[in-house]
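Have a look at the structure below before the remarks.
Chain letters run A, B, ... following the sequence lines, proteins first and then strands; every chain starts at 1.
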Protein chains: 2
Amino acid sequence: MKTLEEIHDEIINGHLYYLRNVSIDNVIFGYHNKELKVLLQRPQGIHKWVLSGGYIKRTESIDEAAKRIARERTGLDDLYLTQFMAFGNPDRTTDPDIPTRLISKLVNIKDAKDFWMFDYFVSIGYYTLTEFELVKPNGEFNMEECQWWDIKKLPPLLFDHREILVAAFKAMRLHLYHYPIGYELLPHKFTLPEIHTLYETILGKKLDSRNFAKKLISTGIIKKLNERRNIGPHRSPFLYIFDKVKYDKALKNGMVLAI
Amino acid sequence: MKTLEEIHDEIINGHLYYLRNVSIDNVIFGYHNKELKVLLQRPQGIHKWVLSGGYIKRTESIDEAAKRIARERTGLDDLYLTQFMAFGNPDRTTDPDIPTRLISKLVNIKDAKDFWMFDYFVSIGYYTLTEFELVKPNGEFNMEECQWWDIKKLPPLLFDHREILVAAFKAMRLHLYHYPIGYELLPHKFTLPEIHTLYETILGKKLDSRNFAKKLISTGIIKKLNERRNIGPHRSPFLYIFDKVKYDKALKNGMVLAI
DNA sequence: ATTTAATATGTAAATTATACGTAATAATTT
DNA sequence: AAATTATTACGTATAATTTACATATTAAAT
């Protein structure tokens, strides 16, 4: 947690530590119990929500910046972030509800417009998908709220953040067919119905369970164990684990999952 | 063409007109007569080559900037540019052969390092594909050469430009299966063998001509004419044109071309 | 009329994807 | 102990798609 002094310094002198005119926006998707959500924050005094964004330090790569920013927001260190698109036009961060007032007050600035923070920023979009029970949502200093929103019931978003979110969602759904998911989302040992439900939730459609299992198993990224999960008064499903070697290879080189 | 005065002003005061720390790099692929090439420039006094890059004006979007920069380099106004990735890490533009000397001399700067131009830049990568006979290669003011290079015999590249080029090439090959190409590359009326060769050249592999024709025609993006091209002492192939409405729809919404 | 080198075209086989139903089972209830 | 309940496990037949492949046609030159 940053001190107020550090925050004040960052607001005033941020352009000395951070790159100007280029920033990161992270779309943090959370999955839990058949629900897909996205982490949003609401700036103080504003009634629209924003993605978790941040600036790039002069000493770090854009991938590192995205990871640091995601860590600050979620407390998680092992997020797998995917860069999907850059957004940049002079109007992208104009909005009648632009939240400059608060910061202007914090640092006693006459005209926030003169300020590095409110300049034209090109934003590099990353997304990640995580188990949302693991996350301690932790808003930025000037945020009034930080919470998960169901992907189907989004609140009004500030700036072009809805456009970014939608682009991330589309990119994620496409990536699903070429890269594995689930390692950070499911327990170490999971059942076929669990991973099946995960895919159905993200894609927002039913997948035939027999065909899904056949295809997923044929990729080699999961291995069947000789154990079952006790799920109460029903037949006990077998447990599976990810074959981490093949999983990582598929993350790196891609695969085909024609579900 | 810019005057020397304008250039001098841009070098000194560029940060007033352009965004800092974020730039565009265009990978300009050129196709002609069964050859796929890429447009590169060689900075004065340096023996490595660079992509055509540029800065983003404070008044334009990144897409507009990419288009303007590509126009400056090729003289062409109707290039279709595709954003494929952003590149950013503190070392990406360090190189033992870094071409600061020339510019330092031009503007009488003691230490080029203090200069906005030689700061850490995050670069947004775009690629385009054009008929290279149409292009008048036109290097930037401080470039000694600007020419097409065969994609299979690249010269040494400066900075991370080889990485960017390779990423663009991969992205282009992938896009080929989901978006149409050819409109800017082929004559208005073209034959099946011509478009077949285009795809083979870009993909770098043989495609069965019967199956290729079947699949391409089934997308609906080309229409057969009742005319033939005279190609000398051989059977005259039929001419085709693009169905521009369907072509543009496929550019926008994607398509499947399972070649 | 012959030669040459290119274009045009269709089908059978192989592969892949889809659709679909029933038996097994774990714990709870009766 | 038997019955109930809700869930998992599993295989095959059909449809759709993709792949492989060979011959007749033709335009101009000789």
Side-chain angles (χ1 to χ4, degrees), chain A residues 33-34 173-174 176-178 182 186-187 189-201 203-242 250 254-259, chain B residues 33-34 173-174 176-178 182 186-187 189-201 203-242 250 254-259:
Chain A
N33 192 215
K34 310 192 184 189
R173 281 188 168 173
L174 273 180
L176 209 60
Y177 296 100
H178 298 283
L186 297 170
K189 298 177 180 182
F190 55 89
T191 66
L192 277 184
E194 282 166 354
I195 195 168
H196 177 223
T197 299
L198 167 64
Y199 275 84
E200 284 193 336
T201 304
L203 288 174
K205 64 180 182 190
K206 285 263 166 268
L207 301 170
D208 180 276
S209 59
R210 284 160 294 189
N211 296 334
F212 173 80
K214 262 184 289 188
K215 288 169 183 174
L216 185 62
I217 289 165
S218 81
T219 66
I221 62 170
I222 65 171
K223 288 188 294 200
K224 188 176 187 172
L225 299 176
N226 204 8
E227 299 172 59
R228 292 151 181 268
R229 157 146 323 143
N230 186 325
I231 54 158
H234 305 296
R235 180 172 187 173
S236 305
F238 280 97
L239 288 166
Y240 287 76
I241 54 171
F242 285 107
M255 60 173 198
V256 177
L257 180 59
I259 51 176
Chain B
N33 193 214
K34 310 191 184 189
R173 282 188 167 173
L174 274 179
L176 209 60
Y177 296 101
H178 298 284
L186 297 171
K189 298 177 180 182
F190 54 90
T191 65
L192 277 184
E194 281 167 354
I195 195 167
H196 177 222
T197 299
L198 167 64
Y199 275 85
E200 284 193 335
T201 303
L203 288 174
K205 65 180 182 190
K206 286 262 166 271
L207 301 170
D208 181 276
S209 60
R210 283 161 294 190
N211 295 334
F212 174 80
K214 263 184 288 187
K215 288 169 184 174
L216 185 62
I217 289 165
S218 81
T219 66
I221 63 170
I222 64 170
K223 288 188 293 199
K224 188 176 186 172
L225 299 176
N226 204 7
E227 298 174 59
R228 293 151 181 268
R229 157 149 321 146
N230 186 325
I231 54 160
H234 304 297
R235 181 172 187 174
S236 305
F238 279 98
L239 288 166
Y240 287 76
I241 53 171
F242 286 107
M255 61 172 197
V256 177
L257 180 59
I259 53 174

Reported [atom1]-to-[atom2] distance for the pair [X] and [Y], which is rounded to 0.5 angstrom:
{"X": "B/L174", "Y": "A/H178", "atom1": "CG", "atom2": "NE2", "result": "8.0 Å"}
{"X": "A/L257", "Y": "A/K215", "atom1": "CG", "atom2": "NZ", "result": "8.0 Å"}
{"X": "B/L198", "Y": "B/L176", "atom1": "CG", "atom2": "CG", "result": "8.0 Å"}
{"X": "B/L192", "Y": "B/F238", "atom1": "CG", "atom2": "CZ", "result": "10.0 Å"}
{"X": "B/I195", "Y": "B/L186", "atom1": "CD1", "atom2": "CG", "result": "5.5 Å"}
{"X": "A/T197", "Y": "A/N33", "atom1": "OG1", "atom2": "CG", "result": "9.5 Å"}

### Query
Which whole-number value in Å describes the distance from A/I217 CD1 to D/dA9 C1'?
10 Å
### Task
Starting from P on D/dT19, measure out to CG on B/L257 and report it in whole angstrom.
11 Å
### side-chain contact (heavy atoms from CB on, under 4.5 Å) evaluation trace for B/T191 with B/I231
CA-CA 11 Å; B/T191 65; B/I231 54 160; 5.8 Å; no
### Query
Under a 4.5 Å cut-off applied to non-hydrogen side-chain atoms, are A/E194 and A/P187 in contact?
yes
### For DNA chain D, the residues among residues 233-240 of chain B that have a non-hydrogen atom under 4.0 Å from it
B/P233, B/H234, B/R235, B/S236
### Task
May I ask you to list the residues of residues 205-214 of chain B, by number, that have any heavy atom positioned under 4.0 Å from an atom of DNA chain D?
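When residues 205-214 of chain B is checked for heavy atoms under 4.0 Å from DNA chain D, the hits, listed by number, are B/D208, B/R210, B/N211, B/K214.
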### Query
With respect to B/I241, which candidate in B/K224, B/E227, B/K223 satisfies the side chain to side chain contact (heavy atoms under 4.5 Å, CB included) definition?
B/K223
### Query
Within the structure, does a side-chain N or O atom of B/K215 lie under 4.0 Å from either OP1 or OP2 of D/dT19?
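Yes.
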### Query
Is the backbone N or O of B/L207 less than 3.5 Å from a side-chain atom of B/H196, with the two atoms forming a donor-acceptor pair by type?
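Such a contact is found between B/H196 side chain and B/L207 backbone.
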### Query
When you list every nucleotide of DNA chain C with an atom under 4.0 Å from a heavy atom of chain B, which one comes first 5' to 3', and which comes last?
C/dT4 to C/dT11
### Task
Please determine, for C/dT30, whether a Watson-Crick or G-U wobble partner exists with both distances under 3.5 Å, and give it or none.
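For C/dT30, the partner nucleotide comes out as D/dA1, under the 3.5 Å rule.
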